[in-house]
Amino acid sequence: QTAYNILISGCCKHDRNLGRAHEIWKEMIGNNLVPDVFNYTSLMKGYCKFGQLEKALELFKNMVEAGVLPNAVTYSVVVAGYCEEGRIDKADEFLNEMEDQGIVRNLFTYSLLINKLCKERKSEEANELFILMLKRGLVPDVVIYSTLIDGYAKESNLSQAFELYEKMSNDGITPNTITYTNLICGLCNSRKINEASELFKKMNLKGLVPDKISYTTIMAGFCKIGDMKNAQGLFTEMKQKG
RNA sequence: GCUGCUAAGAGUGGUA
């Protein structure tokens, strides 16, 4: 059963293998195995990821009818599917149904909604949701903070972005490479390359190792203002460090 | 084809 799930989830990573995933699914059933919540969720994720939300919803119905209880992961997979289609309203509705079933919203479900709102450049709404989440007693983590920071940074609302950065530090949550990259990206887009550069150094001083994305982000910032010299310097450094 | 290796969340820029 677990072996089947490895195959199914593996197939679900590329849309061209979705059909294959379904065949494995059928084979599994043909071998008298009853799909469990993992199997359902894996296949549903494949469908959600590649724009076939209807099929995922059908599976959801099937599993409930078969007496297999969806868990928080199952719900969040569907929520991700709704978000993918830009249906935040439906996603939220679905989460209400989840809560009716006695499963509370967690960091993952909030993160999905917050991320989608941020991507739609609705950071204020995202922030309101974030505050609601806090009121419900959930403890934010570095992912949620980074998501929100990115949202504000992308709206060029740098003051809010840095305010959150301060807040998370006060809350004892350590910013990671992604958090810094998000801030740096915001600074670069506002042509504040000097501040971006400072932050990049600060990040290194804190022992964080810039990755490929950190480098390309700040390099793009230098390129943007025509400072090819520094851009190339960073590129050299990047190659040296592997 | 790019970054795969067992179910859910975050970051850059891409070429056909």
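So that the names make sense, note that chain A is the first sequence line, chain B the second, and so on, each numbered from 1. Values reported hereafter were calculated over all heavy atoms of this structure, with side chains retained and with hydrogens, waters and symmetry mates removed.
Between B:G4, B:G9, B:A7, one nucleotide has an atom nearer to the side chain of A:S42 than all others, and that is B:A7. Of the candidates B:A8, B:A10, B:A7, B:A7 carries the atom nearest the A:T41 side chain, counting heavy atoms from C-beta on.
One atom, NZ of A:K13, and another, P of B:U3, lie 14 Å apart when rounded to the nearest Å. Taking atom CG of residue A:L183 and atom C1' of nucleotide B:A10, one finds them 13 Å apart after rounding to whole Å. Rounded to whole Å, atom C1' of B:A10 lies 13 Å from atom CG of A:L164. A:Y47 places its OH atom 17 Å from the P atom of B:A8, with the value rounded to the nearest Å. Spacing between atom CD of A:E84 and atom P of B:A10 amounts to 10 Å, rounded to whole angstrom units. In this structure, the CZ atom of A:R20 is 22 Å from the P atom of B:G4, given to the nearest Å. What separates CZ of A:R16 from P of B:G4 is a distance of 14 Å, to the nearest Å. Rounding to whole angstrom units, CD1 of residue A:I24 and P of B:A7 are separated by 15 Å.
A donor-acceptor contact under 3.5 Å links the side chain of A:N176 to the base of B:A10. Side chain A:T147 to base B:A10: no donor-acceptor pair is found below 3.5 Å.
Residue-level contact check: A:N39 touches neither bases nor backbone, having no heavy atom under 4.0 Å from any strand. At a threshold of 4.0 angstrom between heavy atoms, the contacts of A:I144 include nucleobase atoms, whether or not backbone atoms are also involved.
The aromatic ring of A:F108 does not sit over the base of B:G9; the criterion of centres under 5.5 Å apart with planes under 30° is not met.
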Exercise for review: Decide yes or no on side chain to side chain donor-acceptor pair (under 3.5 Å) for A:S169 and A:D171, but give the supporting numbers first.
Suggested key: CA-CA 5 Å; A:S169 304; A:D171 287 352; over 6 Å; no
Practice item. Take A:E120 and A:K122 through the salt bridge (Lys or Arg N to Asp or Glu O under 4.0 Å) test and state the conclusion after the steps. Key: CA-CA 5 Å; A:E120 291 184 349; A:K122 293 174 180 164; 3.2 Å; yes
Exercise for review: Take A:T74 and A:Y40 through the test side chain to side chain contact (heavy atoms under 4.5 Å, CB included) and record every step on the way to the result.
Suggested key: CA-CA 8 Å; A:T74 317; A:Y40 275 109; 5.7 Å; no
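Here salt bridge (charged side-chain N to carboxylate O under 4.0 Å, His left out) pairs that include residues 176-197 of chain A, with residues two or more places apart or in two chains, number zero. For residues 17-38 of chain A, the set of pairs meeting the salt bridge (charged side-chain N to carboxylate O under 4.0 Å, His left out) definition, not counting sequence neighbours, comprises A:R20-A:E23.
A:T2 and A:N5 form no side-chain donor-acceptor contact under 3.5 Å, judged by distance and modelled atom types alone.
Of all the heavy atoms in A:V34 and A:Q1, the pair that sits closest is O-NE2, 2.9 Å.
Nucleotides B:G1 and B:G13 place their P atoms 25 Å apart, quoted to the nearest Å. Nucleotides B:A16 and B:G4, compared at atom C1', are 22 Å apart to the nearest Å. The same atom, C1', is picked in B:A10 and in B:U6; the two are 23 Å apart, to the nearest Å. Nucleotides B:A7 and B:G11 have their C1' atoms positioned 24 Å apart, rounded to a whole Å.
Among residues two or more places apart in sequence or in another chain, the side-chain hydrogen bond (donor to acceptor under 3.5 Å, both in side chains) test is passed with A:R121 by none. Listed by chain and residue number, nothing satisfies the side-chain hydrogen bond (donor to acceptor under 3.5 Å, both in side chains) test with A:T236 (two or more places apart in sequence, or in another chain).
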Review point. Which letters describe nucleotides 11-16 of chain B, given B = protein heavy atom under 4.0 Å from base, S = only from sugar-phosphate, - = neither?
Key: BB----
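Checked for salt-bridge contact, A:E58 and A:K55 miss the test: no charged N lies under 4.0 Å from a carboxylate O.
For the ring-ring contact (aromatic ring centres under 6.0 Å, His included) criterion with A:Y180, the lone passing option out of A:Y165, A:F200, A:F162 is A:Y165.
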Revision key, fill the gap. Writing each nucleotide of RNA chain B 5' to 3' as (, ), [, ], | or . by Watson-Crick or G-U pairing under 3.5 Å yields .(...........)..
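Regarding contacts with the backbone of B:A8, a side-chain N or O of A:K45 is found under 4.0 angstrom from either OP1 or OP2.
Judged by closest nucleotide on RNA chain B, A:H14 is the one of A:H14 and A:S9 placed further toward the 5' end.
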